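Single-structure report; data block below.
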Amino acid sequence: QVQLVESGGGLVQAGGSLRLSCAASGRTFSSYIMGWFRQAPGKEREFVAAISWRSGSTYYPDSMKGRFTISRDNAKNTVYLQMNSLKPEDTAVYYCAAGPPGLVVSTTRGYQYWGQGTQVTVSS
């Protein structure tokens, strides 16, 4: 059974940092794309970052560059999202996702597997 389990969310003050983790299990993800998305109440799910598990290539929307960093630990089958200089508008549920190579990383459509999400709340 494929599982993506996120952790590391919580409450942080504006300007603070959090590191989210996504532990993957149940199949081999070595060729997959791993992505992070977020969804705030009343809004659509938004692309945050993605990484190729095989090559380590990373992808970010312009709005996330410089503050968010995605990385992976192959030995632990875990993907991380380091978030710095957090703002109240970063408050959302953050989801980890996995999909096959060749998908459009910035849209939800191609991702096959999703985690349950972890809440991040940034107070002002």
Side-chain angles (χ1 to χ4, degrees):
Q1 181 181 358
V2 173
Q3 278 194 313
L4 301 177
V5 180
E6 302 100 331
S7 61
L11 174 64
V12 64
Q13 288 189 332
S17 298
L18 281 175
R19 188 178 80 157
L20 307 183
S21 300
C22 172
S25 63
R27 65 157 295 148
T28 300
F29 287 97
S30 59
S31 65
Y32 267 51
I33 300 293
M34 304 298 294
W36 283 100
F37 288 77
R38 69 185 186 185
Q39 190 165 19
K43 295 188 176 181
E44 292 188 354
R45 198 162 292 192
E46 177 185 26
F47 173 62
V48 175
I51 188 167
S52 165
W53 209 302
R54 181 180 302 246
S55 69
S57 297
T58 57
Y59 310 88
Y60 303 93
D62 288 342
S63 58
M64 306 295 175
K65 288 180 181 177
R67 294 194 302 126
F68 291 4
T69 303
I70 190 171
S71 62
R72 76 202 192 293
D73 184 328
N74 290 352
K76 295 182 178 180
N77 267 5
T78 299
V79 174
Y80 303 98
L81 183 69
Q82 178 67 43
M83 305 186 295
N84 298 327
S85 302
L86 284 163
K87 306 173 183 179
E89 50 264 43
D90 294 318
T91 295
V93 177
Y94 284 71
Y95 296 91
C96 175
L103 61 78
V104 177
V105 299
S106 59
T107 67
T108 61
R109 190 177 302 116
Y111 289 89
Q112 292 180 324
Y113 306 106
W114 291 84
Q116 82 287 351
T118 185
Q119 177 71 48
V120 171
T121 303
V122 184
S123 63
S124 57

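Every heavy atom of this structure was used, including side-chain atoms; hydrogens, water molecules and symmetry mates were not. Bear in mind the structure is a predicted one, so any value in this text is a computation, not a measurement.
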Pairwise side-chain contact, Met64 with Met83, heavy-atom cut-off 4.5 Å (strictly under): no

Donor-acceptor pair, side chain of Thr78 and main chain of Lys76, under 3.5 angstrom: yes

Backbone of Cys96 reached by a side-chain donor or acceptor of Glu6 within 3.5 Å: yes

Exercise: do Arg54 and Tyr32 side chains pair donor with acceptor under 3.5 Å: no

Ile70 side chain near Val79 side chain, heavy-atom distance below 4.5 Å: yes

Side-chain touch Gln112/Pro100, heavy atoms, less than 4.5 angstrom: yes

Over all atoms of both residues, closest heavy-atom pair of Ala14 and Pro88: CB-CD, 4.1 Å

Rounded distance (nearest 0.5 Å) linking atom CD of Glu44 with atom CD of Gln39: 8.5 Å

side-chain contact (heavy atoms from CB on, under 4.5 Å) partner of Arg45, the single match among Thr107, Thr108, Val93: Thr108

Separation of Met34 CE from Ser52 OG (nearest 0.5 Å): 11.0 Å

Asp62/Lys65 ion pair, N-O < 4.0 Å: yes

Side-chain heavy atoms of Phe68 within contact of Val48, under 4.5 Å: yes

Flag if over 12 foreign heavy atoms under 6.0 Å of CD, Glu89: yes

Atom pair OG (Ser63) and CG (Asp90), whose distance is rounded to the nearest 0.5 Å: 9.5 Å

Joint hydrophobic cluster, Tyr113 plus Trp36, side-chain heavy atoms closer than 4.5 Å: yes

Test item: Thr91 side-chain N/O and Thr121 main-chain N/O as donor-acceptor pair under 3.5 Å: no

Between OG on residue Ser25 and CD on residue Gln3, distance to nearest 0.5 Å: 5.0 Å

Between Asn84 and Ser17, a side-chain donor and acceptor under 3.5 Å: yes

Donor-acceptor pair between Tyr94 and Gln119 side chains, under 3.5 angstrom: no

Minimal non-hydrogen separation, Ala50 against Val105, with atom names: CB-CB, 4.0 Å

Taking every non-hydrogen atom, the tightest pair across Gly56 and Arg72: CA-NH1, 3.5 Å

Residues which pass ring pair (Phe, Tyr, Trp, His ring centres under 6.0 Å) with Phe37, listed by chain and number, not counting sequence neighbours: Phe47, Tyr111, Trp114

Point-to-point distance, once rounded to the nearest 0.5 Å, from OG of Ser21 to OH of Tyr80: 5.5 Å

Leu86 side chain reached by Leu18 side chain, heavy atoms, under 4.5 Å: yes

NZ or CZ of Arg38 within 45° of Tyr95 ring axis and under 6.0 Å: no

Residue pair Val2 / Phe29, side-chain heavy-atom distance below 4.5 Å: yes

Residue pair Val120 / Leu20, side-chain heavy-atom distance below 4.5 Å: yes

Distance-only polar pair, side chains of Ser55 and Ser57, donor-acceptor under 3.5 Å: yes

Reported CG-to-OG1 distance for the pair Leu81 and Thr69, which is rounded to 0.5 angstrom: 8.0 Å

